[in-house]
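Here is the structure we will look at, set down as structure tokens.
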Amino acid sequence: MRLRLRYAKLGKVRFVSHRDGARLWERALRRIALPVAYTEGFTPRPKLSFGLALPTGAESVAEYIDVDLATVVDVDDHGLAVALSDALPIGMEVLVAAERPTGGASLQDQVSSTTWELTGPGFTSELLEAAAQRLLDADELFVERERKGQRRVDDVRPLIHDLAPDHSGSRLVAELATVGRALRPAELATAAFPDIDPVEVRVLRTHQWIDHDGERREVLALPADVAALDRGLSA
């Protein structure tokens with residue numbers, strides 16, 4: 001039996017790394033005594049599968065984890081979400097839980113794009129519209145990166161699927177491809193706002209998307225009541 005959980009990571013806990021976050025999940029699952037399956041061998045580990053790693057310092061209302069259970073249990077999805085949220089640090093909250101079929105592609109392989117919101121000092125609708133238009137009109141967008149101690153320059157323009165201000169005119173909403181070497185939101189912030197320190201730009205992941213039968217859909221959609229909470233968290 002496998003469970004899929006969608007959770008938020010907001011506030012100070014955003015500075016917890018992906019690896020340390022995995023340890024927080026292991027501890028929370030032990031606290032609620034969920035019968036998690038373990039690997040075999042000399043150092044058994046809980047069978048947990050995470051979605052795309054969230055950059056340290058970024059926030060999200062669309063993080064995912066798959067949990068394999070050793071036995072079939074009757075799960076109260078809402079009750080499980082509440083119990084896990086209580087066992088996790090402040091800022092990490094399970095928004096929805098659902099049973100998923102075992103097998104199939106991993107979350108990391110399934111996700112084809114992600115949606116981000118960027119906010120920062122002095123953001124106005126005029127600034128965001130100009131930045132979005134400049135990047136979308138560019139035939140090429142080069143970013144210098146370091147990999148394995150070597151510097152290289154990549155054209156990241158094909159990785160930007162969409163870019164536009166939100167309805168309030170205070171956030172830049174970006175859909176970025178995840179195939180290949182993904183464009184990091186901090187890199188997007190630097191390219192879009194060269195006069196603003198990227199450290200001052202708040203980055204929030206709001207969606208992870210997969211292609212299903214030729215249509216784009218969320219990995220795990222939120223029920224209507226939780227979706228309202230989701231927008232409140234990302235406000």
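Please read all numbers here as calculations on a predicted model, not as lab measurements.
More than 12 heavy-atom neighbours from other residues, nucleotides or ligands sit within 6.0 angstrom of CD on Glu144. Counting non-hydrogen atoms of neighbouring residues, nucleotides and ligands closer than 6.0 angstrom, the NE2 atom of His18 exceeds 12 such neighbours. Heavy-atom contacts from other residues, nucleotides or ligands closer than 6.0 Å to CZ of Arg151 number more than 12.
The nearest pair of heavy atoms linking Asp211 to Ser112 is OD2-OG, 3.7 Å. Across Leu159 and Leu183, no two heavy atoms sit closer than the pair CD1-N, 3.6 Å. Nearest heavy-atom pair, Val13 versus Pro89, reported as atom, atom and distance to 0.1 Å: CG2-CB, 4.5 Å. In plain terms, the two heavy atoms of Leu172 and Leu128 that are nearest each other are N-CD1, 3.8 Å. Of all heavy-atom pairs between Ala98 and Asp77, the closest is CA-OD2, 4.2 Å. Looking at every heavy atom in both residues, Leu80 comes nearest to Ala97 through CD2-CB, 4.1 Å.
Both Leu84 and Met92 sit in one connected hydrophobic cluster of ILVMFWY residues. Membership requires side-chain heavy atoms under 4.5 Å apart, directly or through other members. No continuous path of ILVMFWY side-chain contacts below 4.5 Å connects Leu5 to Leu107, so the two sit in separate hydrophobic clusters. Leu29 and Leu3 fall within the same hydrophobic cluster, defined by Ile, Leu, Val, Met, Phe, Trp and Tyr side-chain heavy atoms under 4.5 Å apart, directly or through other members. No path of Ile, Leu, Val, Met, Phe, Trp and Tyr side chains, each step under 4.5 Å between heavy atoms, connects Val173 with Val61, placing them in separate hydrophobic clusters. No continuous path of ILVMFWY side-chain contacts below 4.5 Å connects Val67 to Leu220, so the two sit in separate hydrophobic clusters.
Aromatic rings of Tyr64 and Tyr7 (six-membered ring for Trp) have centroids beyond the 6.0 Å cut-off, not under it.
For the pair Asp154 (side chain) and Val156 (backbone), a donor-acceptor distance under 3.5 Å is absent. Side-chain N or O atoms of Arg31 include one that pairs as donor or acceptor with a backbone N or O of Ala87 at under 3.5 Å. The closest donor-acceptor contact from the side chain of Asp155 to the backbone of Phe142 lies at 3.5 Å or more, if one exists at all. In this structure, Gln133 contributes its side chain and Ala130 its backbone to no donor-acceptor pair below 3.5 Å. Without hydrogens or angle criteria, Arg134 side chain to Ala131 main chain gives no donor-acceptor distance under 3.5 Å. In this structure a side-chain-to-backbone donor-acceptor pair under 3.5 Å is missing from Lys9 to Gly21.
Under the 4.5 Å side-chain criterion, counting only non-hydrogen atoms from C-beta, Trp25 is in contact with Ile65. In this structure, the side chains of Ile210 and Glu218 stay at 4.5 Å or more apart for every pair of heavy atoms. At least one side-chain heavy atom of Val36 sits less than 4.5 Å from a side-chain heavy atom of Leu48. Proximity of Thr119 to Val201: side-chain heavy atoms (C-beta onward) are nowhere separated by under 4.5 Å. The shortest side-chain heavy-atom distance between Leu188 and Val143 does not fall under the 4.5 Å cut-off.
Interatomic distance, Ile90 CD1 to Lys12 NZ, rounded to the nearest 0.5 Å: 9.5 Å. Rounding to the nearest 0.5 Å gives a distance of 7.5 Å between CG of Leu54 and OG1 of Thr56. For the atom pair Glu117 CD and Ser170 OG, the distance stands at 8.5 Å (nearest 0.5 Å). Of the inter-residue distances, the one linking Arg2 atom CZ with Asp68 atom CG reads 4.0 Å to the nearest 0.5 angstrom. Rounding to the nearest 0.5 angstrom, the gap separating the CZ atom in Arg171 from the OG1 atom in Thr206 is 9.5 Å. The structure places CG of Leu52 at 10.0 Å from OG of Ser113, a figure rounded to the nearest 0.5 Å.
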Requested in this report: Please test Glu99 against Met1 for side chain to side chain contact (heavy atoms under 4.5 Å, CB included), starting from the C-alpha separation and ending with a verdict.
Outcome: CA-CA 8 Å; Glu99 183 179 348; Met1 180 177 181; 3.7 Å; yes

Report task. Evaluate the side chain to side chain contact (heavy atoms under 4.5 Å, CB included) criterion for residues Arg157 and Leu136: first the C-alpha distance (whole Å), next the side-chain angles of each, then the deciding distance (0.1 Å), finally the verdict. Result -> CA-CA 8 Å; Arg157 176 60 188 87; Leu136 291 175; 3.7 Å; yes

Query - salt bridge (charged side-chain N to carboxylate O under 4.0 Å, His left out) between Arg216 and Glu175, worked out - result: CA-CA 12 Å; Arg216 189 190 73 160; Glu175 183 179 347; 2.6 Å; yes

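Using a 3.5 Å distance cut-off with no hydrogens or angles, the side chains of Thr114 and Trp209 do not pair a donor with an acceptor.
Among pairs with a residue in residues 41-66, those fulfilling salt bridge (Lys or Arg N to Asp or Glu O under 4.0 Å) read Arg4-Asp66, Glu26-Arg45, Glu59-Arg202, Glu63-Arg205, at least two apart in sequence or across chains.
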